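Only one structure is covered here, and it is reproduced in the block below.
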Amino acid sequence: MKMGNPQSSSVLMERTTGAAVVTVAAKMETVYERVHQLASCNAVVVFSVSGCCMGHVAKQLLVGLGVGPTVVELDRDTAGLEIHALLYRLASAGNEQQQPVPAIFVGGKFLGGIETLIACHINGTLIPLLKDAGALWL
């Protein structure tokens, strides 16, 4: 029985791995573009998971203030896992120990998670943010 050349199999593995990395990078770029498009074309966007109590709180707070947020339920979206990974990176970029979901964007910018949303509401900065984003007119 003749064994294959170990060097050629490692080259094949590198090529396969390289192709997989390029494919993952291209998919993440597309996911980034989609999230960016959603955030920049809508005054308020909430990325959540259906049935998540904190996502429910975020959506209810915004609706209670008169905002009609665009809601993306990640467990019902075909790119949900990839979007979740991107949101995890955004949440951890601020060196905070925040959960990545729910993730709230206001005026095209990443506001943060439920903790940030509630803190902004309590300290009085949420309403001006929502007005500046065009989500509230009063």
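The shown structure was predicted, so the numbers you read here are calculated from the model rather than taken from an experiment. When a residue number appears, it is its place in the shown sequence, counting from 1.
Grouping the Ile, Leu, Val, Met, Phe, Trp and Tyr side chains by contacts below 4.5 angstrom, directly or via other members, places Val101 apart from Leu81. Linking Ile, Leu, Val, Met, Phe, Trp and Tyr residues whenever their side-chain heavy atoms come within less than 4.5 Å leaves Leu130 and Trp137 in two separate clusters.
Here CD of Gln37 is found 12.5 Å from OG1 of Thr30. Values are rounded to the nearest 0.5 Å. The CG atom of Leu38 sits 7.0 Å away from the OG1 atom of Thr70 when rounded to the nearest 0.5 Å. Taken from CD in Glu115 to SG in Cys120, the straight-line distance is 11.5 Å, to the nearest 0.5 Å. Between the SG atom in Cys52 and the NZ atom in Lys59 there is a gap of 8.0 Å [rounded to 0.5 Å]. We find the CG-OG distance between Leu87 and Ser48 to be 10.5 Å, quoted to the nearest 0.5 Å. Ile118 contributes atom CD1, which lies 8.0 Å from atom CE of Met54 (distance to the nearest 0.5 angstrom).
Taking both residues in full, the closest heavy atoms of Thr125 and Pro128 are given as O-CD, 3.4 Å, listed atom of the first, atom of the second, then distance. Counting all heavy atoms, side chain and backbone alike, Phe105 lies closest to Ala39 at CD2-CB, 3.6 Å. Taking both residues in full, the closest heavy atoms of Arg34 and Asp77 are given as NH2-OD2, 2.5 Å, listed atom of the first, atom of the second, then distance. Residues Ala133 and Ala43 share a closest heavy-atom pair of O-CB, 3.5 Å.
Screening Val45, Asn42, Val63, Leu61 for a side-chain contact (heavy atoms from CB on, under 4.5 Å) involving Pro69 leaves a single residue, Val63. With His121 as the partner, the side-chain contact (heavy atoms from CB on, under 4.5 Å) test is satisfied by one option alone out of Leu126, Leu129, Ile127: Leu126. Residue Val67 forms a side-chain contact (heavy atoms from CB on, under 4.5 Å) with just one option from Leu136, Val106, Val46, and that option is Leu136.
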Practice prompt. Might you work through the side chain to side chain contact (heavy atoms under 4.5 Å, CB included) test for Leu62 and Leu117, ending with a clear yes or no?
Written response: CA-CA 9 Å; Leu62 291 166; Leu117 180 69; 4.2 Å; yes
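The pair Asp132-Lys109 does not meet the salt-bridge criterion, since no charged nitrogen lies less than 4.0 angstrom from a carboxylate oxygen.
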